[in-house]
Protein chains: 2
Amino acid sequence: MAEPLRLFIDRTETPIGELVIVADREGRLRAIDWTDYEARMRQLLRLHYGEGGFELVPERNPGGLTTTMSTYFAGDLGIIASMPVETGGTPFQRTVWAALRDIPCGTTVSYSELARRIGRPAAVRAVGLANGANPVGIVVPCHRVVGANGSLTGYGGGIERKRWLLAHEGHAASQSLLPFAR
Amino acid sequence: MAEPLRLFIDRTETPIGELVIVADREGRLRAIDWTDYEARMRQLLRLHYGEGGFELVPERNPGGLTTTMSTYFAGDLGIIASMPVETGGTPFQRTVWAALRDIPCGTTVSYSELARRIGRPAAVRAVGLANGANPVGIVVPCHRVVGANGSLTGYGGGIERKRWLLAHEGHAASQSLLPFAR
DNA sequence: AGCGCTCTCGCGGTTTTCGGACATGACCAT
DNA sequence: ATGGTCATGTCCGAAAACCGCGAGAGCGCT
């Protein structure tokens, strides 16, 4: 009944692949992902806003977000911390995502530590799940969460990109971090 | 996200109980039910428009619909046929409800006949279900559907009311119609 | 011992799947 | 007549599967 949410979609190249960016009328980031995972991103949007609950309109640099992302990749790391974001998700997921934004750039946290921080020390796997369901990767830095033993464990965009992002953010040990525990 | 749909709610007395009436800004009927089943009506609204997808604002005689209903109960039977109606529902349900409005006042149809009319002769039970899910009873005359053997079978507001409505509409045999097959 | 690896199992939120209930009625076998 | 079977759409609740984890046990090597 209520006309669908009007969202704007744009794309931009980065050193590790093309990004798809989705913003709303107010210039808040609603979704972002790598072009090669665009299908998954659209699926997530459908899940959050319903089948016909939104429409994607191509537009250049909506809300200036495309520029912001380029700036981040160019080396201005702090800029994403203040980027406006709006998401759906369950209460639990939103709690996890909020906690993600509190992880300082250049550092990492383990899944269990993150679970502890939101007051649900036992919900470790659930935190992993919520991490994977994050619609606004990079900006809400799910890549800063690693295994308890320092292994990179997983990343929706591919482990290689996770490693690159951490290195880009100057994480001291990121060069030696292996995909799996050695 | 999108602010909730603003709906107006009113009540009116009838010979067979109090009605709750819900209209939209454009004066179209969105829902109607007997006060003693108001909980079910609200449930249906939640189902169609989502948990926080609408709000009910008390208002006297919204869109003049309350007057229209009184007029119907006073004896002007034809007036409901032209009453504006807007509903959610699945494609199948909407098809069934549309077919209901084509049943002339003062006549009845069996569930199977109705199923045949919408081109789904086998979906007899499904038609019954869709009938029960009708959010705008009386106006979309689900009470004009009876069992193949003439029994009244069922009605969301109670069999007695179904019988009364049919009698009110001058259905010839309604006086002798029994709740269940004899 | 001490290290490091593998395997197993429990953890918990979300999604998916499945079965049942229902405002019927045609058909077939007792 | 009576009674069981089955088709059909949709919602709901229960149960199970799914995982971007991690602690602990068992085992083979220095």
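This one's a predicted model, so the numbers in the text were calculated from it and none came from an experiment. Here is how names work: the chains are called A, B, and so on, in the same order as the sequence lines, proteins then strands, and each is numbered from 1.
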Would you check if Arg6(A) and Leu56(A) make a side-chain contact, meaning some heavy-atom pair closer than 4.5 Å?
-> no
Interatomic distance, Arg144(B) CZ vs dA23(C) P [rounded to whole Å] | 21 Å
dG25(C) and dC11(D): how far apart are their C1' atoms, nearest whole angstrom?
-> 23 Å
Of the nucleotides dT8(D), dT10(D), dC12(D), which has the atom closest to the Gln43(B) side chain?
-> dC12(D)
Judged by modelled atom types alone, do Asp76(B) and Thr71(B) share a side-chain donor-acceptor pair under 3.5 Å?
-> no
To the nearest Å, give me how far apart CZ (Arg94(B)) and P (dG9(D)) are.
-> 18 Å
Pair Arg42(B) + Asp33(B): basic N to acidic O under 4.0 Å = no
Paired runs of 3 or more consecutive Watson-Crick or G-U pairs involving DNA chain D, with both pairing distances under 3.5 Å, are C:1-10 with D:21-30, C:12-22 with D:9-19, C:24-30 with D:1-7
The side chain of Arg120(A) lies closest to which of these nucleotides: dG13(C), dC11(D), dG20(D)?
-> dG13(C)
Side chains of Ser110(B) and Ser112(B): do they bring a donor and an acceptor to under 3.5 Å?
-> yes
Measure the distance from CG on Leu44(B) to P on dT10(D) and round it to the nearest whole Å.
-> 14 Å
State whether a side-chain donor-acceptor pair under 3.5 Å links Tyr49(B) with Arg30(B).
-> yes
Of the nucleotides dC11(C), dA23(C), dT8(D), which has the atom closest to the Lys162(B) side chain?
-> dA23(C)
Atom CD of Gln93(B) to atom P of dC22(C): distance rounded to whole Å?
-> 18 Å
Whole-Å gap separating C1' (dA23(C)) and CG (Asp33(B)) = 14 Å
Per nearest nucleotide of DNA chain C, the residue lying toward the 5' end, Leu47(A) or Asn134(B), is Leu47(A)
Is there a donor-acceptor contact under 3.5 Å from the side chain of Asp24(A) to the main chain of Leu29(A)?
-> no
Looking at dG9(D), dG20(D), dA23(C), which one has an atom nearest to any side-chain atom of Tyr155(A)?
-> dG20(D)
Before accepting this row, confirm whether a basic side-chain N of the pair Asp10(A)/Arg60(A) lies closer than 4.0 Å to the acidic partner's carboxylate O.
-> no
Please tabulate, one pair per line, each protein N/O and nucleotide N/O from nucleotides 24-30 of chain C that are separated by under 3.5 Å, including the distance.
unit_1	atom_1	unit_2	atom_2	d
dT24(C)	O4	Arg125(B)	NE	3.3
dT24(C)	O4	Arg125(B)	NH1	2.7
dG25(C)	OP1	Tyr111(B)	N	3.4
dG25(C)	OP1	Ala148(B)	N	2.7
dG25(C)	OP2	Ala148(B)	N	3.0

Within this structure, what is the CG-to-P distance between Leu152(A) and dC21(D), rounded to whole angstrom?
-> 12 Å
Listed partners of Tyr72(B) passing ring pair (Phe, Tyr, Trp, His ring centres under 6.0 Å), at least two apart = His168(B)
Taking the side chain from Arg116(B) and the backbone from Ala122(B), do they hold a donor-acceptor pair closer than 3.5 Å?
-> no
In whole angstroms, the gap separating C1' of dG12(C) from CZ of Phe92(A) amounts to 7 Å
Taking CZ from Arg40(A) and P from dT15(C), how many angstroms apart are they, rounded to a whole number?
-> 15 Å
